Number of protein chains: 2
Amino acid sequence: MANNTSSGNSPTAEPKTLVETAYRALRRDIIEGHLAPGEKLRVEHLKDDYGVGAGTLREALSLLISDALVVSQGQRGFRVAPVSLEDFGDITQTRVMLECEALRQSITMGDDAWEGDLLAAFHRLTKAEEKRIGTDDREEWEERNRIFHEVLISACPSRWLKHFLSILYQQAERYRRLSLYLQPIPRDIHAEHEALMQAAMARDADKATAILGEHIRLTFRSIEQIPKDQLNEKLAA
Amino acid sequence: MANNTSSGNSPTAEPKTLVETAYRALRRDIIEGHLAPGEKLRVEHLKDDYGVGAGTLREALSLLISDALVVSQGQRGFRVAPVSLEDFGDITQTRVMLECEALRQSITMGDDAWEGDLLAAFHRLTKAEEKRIGTDDREEWEERNRIFHEVLISACPSRWLKHFLSILYQQAERYRRLSLYLQPIPRDIHAEHEALMQAAMARDADKATAILGEHIRLTFRSIEQIPKDQLNEKLAA
DNA sequence: GTTTTTAAAAATCTCGAGAAAAAACGTTGA
DNA sequence: TCAACGTTTTTTCTCGAGATTTTTAAAAAC
């Protein structure tokens with residue numbers, strides 16, 4: 001039986017330095033919206049919240065620039081990266097393009113172990129979806145959803161494609177969460193995932209990429225149709 | 001007449017902080033190969049070379065992780081990102097895919113100002129090529145080549161596509177320079193650029209992307225065919 | 001009442017020293 | 001001769017304090 005890291009690199013190696021710890025905590029707070037878009041990130045104030053020194057926090061913020069979750073303009077400090085509908089549209093389009101290509105390659109290259117991983121990831125996701133009904137256990141579902149998408153393209157040999165996709169996925173997750181409070185669950189995501197999984201297993205690249213593209217675009221449309229005043233209220237918060 | 005920043009963001013805003021200064025100096029030294037691939041980057045040693053404090057240098061190194069020019073493994077310091085033929089192949093393929101798509105969009109969206117910018121960038125590149133004969137003024141040509149490629153896709157509306165491409169271009173430049181000492185000038189790059197420029201001006205997206213794709217791939221092939229022992233010698237240096 | 005100037009306050013940026021970890025080295029034992 | 005162990009050395013990581021710069025606020029001038 002395949003081990004749990006058959007997909008490649010370790011899922012989430014535990015942080016060994018304070019910089020890494022602060023980096024993860026900050027990233028989580030930005031993606032989950034606890035630190036609002038555009039908000040100023042005062043080092044002197046934040047170092048107490050995260051329990052590290054000023055230099056350490058600065059370094060963590062520098063790392064977050066890689067992920068485009070933090071922006072800095074020299075001599076004027078750090079800010080949480082701003083959000084906009086236009087940006088999310090760009091993220092969606094770029095992601096569709098890259099993720100469909102990666103999926104196509106993954107379907108071509110994937111071996112038996114990949115099929116197994118995919119089946120397992122889908123199963124875990126399904127379980128999380130069942131559990132989620134009623135309870136507000138979003139975190140676990142989010143994580144398993146991420147892994148499902150990751151496994152789908154894991155057989156793609158291009159490290160760079162996967163690297164860029166991980167950044168875009170993070171960005172998209174951020175927008176999804178910001179809109180979460182405005183829109184409950186508008187569509188049957190489970191059915192989409194199932195169809196996607198089956199098309200991939202059947203090695204039908206055309207069908208799989210079509211479903212995946214629509215799957216990603218739907219998330220954007222569900223946010224796009226939110227009245228602008230509500231959205232801006234959220235973006236400005 | 002259009003100002004010199006009609007393409008969008010400022011070309012190279014001068015650095016205002018020491019972190020930014022150290023970041024650029026380090027980036028340049030890595031891309032140009034003065035800091036060899038895989039080399040250990042000892043903060044205590046480097047802070048003297050670049051004339052900054054230890055914390056400042058650490059921050060600069062953290063920023064270089066964004067560009068994938070530096071890697072770090074917790075508690076074991078920083079290293080120059082390693083290189084490999086496989087990695088360069090991946091960079092090439094991914095870049096062809098993204099840059100052709102960006103060029104297609106740019107050709108569709110580009111207005112008169114874009115055409116003007118493109119013509120100007122090509123002209124400057126040509127001048128640099130003429131000057132370069134005999135003299136070893138590679139730096140200026142490199143910069144103008146970069147700008148030419150940047151202007152080509154500048155009318156593409158996707159910020160993310162352009163962001164990823166700027167990273168890939170940097171990476172490719174690094175490989176190109178590493179191989180520079182092994183291979184002089186194997187092909188007529190000027191003719192390729194000219195054909196590319198003309199196809200773009202004629203709004204022939206199919207032709208332009210075909211030329212661009214081949215243009216990028218040729219750089220890879222010219223390095224690929226270098227005997228492995230010579231290459232590894234360079235990579236290990 | 002608006003604008004400009006000036007001064008105080010806040011925040012950023014920078015540095016060097018101390019604690020923790022990893023690597024190097026020599027010693028000891030089989 | 002080789003391997004394992006413990007000490008020394010090196011390097012990384014972390015923190016708090018000081019120097020610039022930006023921002024804020026108030027006072028003066030038009």
Side-chain angles (χ1 to χ4, degrees), chain A residues 10 12-30 34-82 236, chain B residues 10 12-30 34-82 236:
Chain A
S10 58
T12 46
E14 64 252 32
K16 277 295 165 196
T17 68
L18 285 186
V19 172
E20 186 84 357
T21 306
Y23 164 72
R24 297 202 184 186
L26 278 162
R27 185 178 61 181
R28 181 179 168 136
D29 285 343
I30 292 174
H34 299 127
L35 292 169
E39 182 178 336
K40 201 150 193 337
L41 295 169
R42 292 182 196 79
V43 175
E44 287 302 310
H45 190 246
L46 262 61
K47 68 175 191 137
D48 300 324
D49 296 356
Y50 292 92
V52 295
T56 303
L57 191 67
R58 279 185 69 83
E59 214 174 297
L61 289 172
S62 297
L63 287 173
L64 281 163
I65 294 177
S66 319
D67 303 321
L69 292 172
V70 163
V71 294
S72 80
Q73 35 183 339
Q75 217 75 308
R76 266 187 251 173
F78 301 89
R79 302 189 89 92
V80 179
Chain B
S10 58
T12 46
E14 65 252 37
K16 276 298 166 194
T17 68
L18 284 185
V19 171
E20 187 83 0
T21 306
Y23 163 73
R24 296 201 185 187
L26 278 162
R27 185 178 60 183
R28 183 181 167 133
D29 285 343
I30 291 173
H34 299 128
L35 293 168
E39 182 177 337
K40 204 150 193 333
L41 295 168
R42 292 184 196 77
V43 176
E44 287 302 311
H45 189 246
L46 262 61
K47 68 177 191 136
D48 300 323
D49 295 356
Y50 292 91
V52 296
T56 303
L57 190 68
R58 280 185 67 84
E59 215 174 295
L61 289 172
S62 297
L63 287 173
L64 281 164
I65 294 177
S66 319
D67 302 321
L69 291 172
V70 163
V71 294
S72 79
Q73 35 182 339
Q75 217 74 304
R76 265 188 249 174
F78 301 90
R79 303 188 88 93
V80 179

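A quick note: this is a predicted structure, and the numbers were derived from the prediction, not measured. Reckoned from all heavy atoms, side chains included, excluding hydrogens, waters and symmetry mates. Below, chains carry the letters A, B, ... as their sequence lines are ordered, and counting in each starts from 1.
For A:Val52, taking side-chain heavy atoms from C-beta onward, the closest of the listed nucleotides D:dT12, D:dC15, C:dT12 is D:dC15. When the nucleotides D:dT14, C:dT14, D:dT21 are ranked by their closest atom to the side chain of B:Thr17, C:dT14 comes out on top. The nucleotide whose nearest atom lies closest to any side-chain atom of A:Lys40 is, among C:dC13, C:dA22, C:dA11, C:dA11. For B:Gln75, counting side-chain heavy atoms from C-beta on, the closest listed nucleotide (D:dC15, C:dA22, C:dT12) is C:dA22.
For the pair B:Leu61 and B:Val43, the minimum side-chain heavy-atom distance is below 4.5 Å. Side chains of B:Leu26 and B:Val70 form no contact here, defined as non-hydrogen atoms less than 4.5 Å apart. Taking 4.5 Å as the limit, every side-chain heavy atom of A:Tyr50 sits out of range of all side-chain heavy atoms of A:Thr56.
Residue contacts for A:Glu44: at a heavy-atom cut-off of 4.0 Å it reaches a base atom on one of the strands shown. At a threshold of 4.0 angstrom between heavy atoms, the contacts of B:Leu41 are confined to the sugar-phosphate backbone, with no base atom among them. Using a 4.0 Å heavy-atom cutoff across all strands shown, A:Gly55 reaches no nucleic acid atom at all.
With rounding to whole Å, A:Lys16 atom NZ is found 13 Å from C:dA22 atom C1'. Taking atom CG of residue A:Leu61 and atom P of nucleotide C:dA11, one finds them 15 Å apart after rounding to whole Å.
Within the structure, every side-chain polar atom (N or O) of B:Arg76 is placed at least 4.0 Å from both OP1 and OP2 of D:dT12. Proximity of B:Thr56 to the phosphate of C:dC13: no side-chain N or O atom is located under 4.0 Å from OP1 or OP2.
Nearest-nucleotide mapping onto DNA chain D: of A:Ala54 and B:Arg42, the residue sitting toward the 5' end is B:Arg42.
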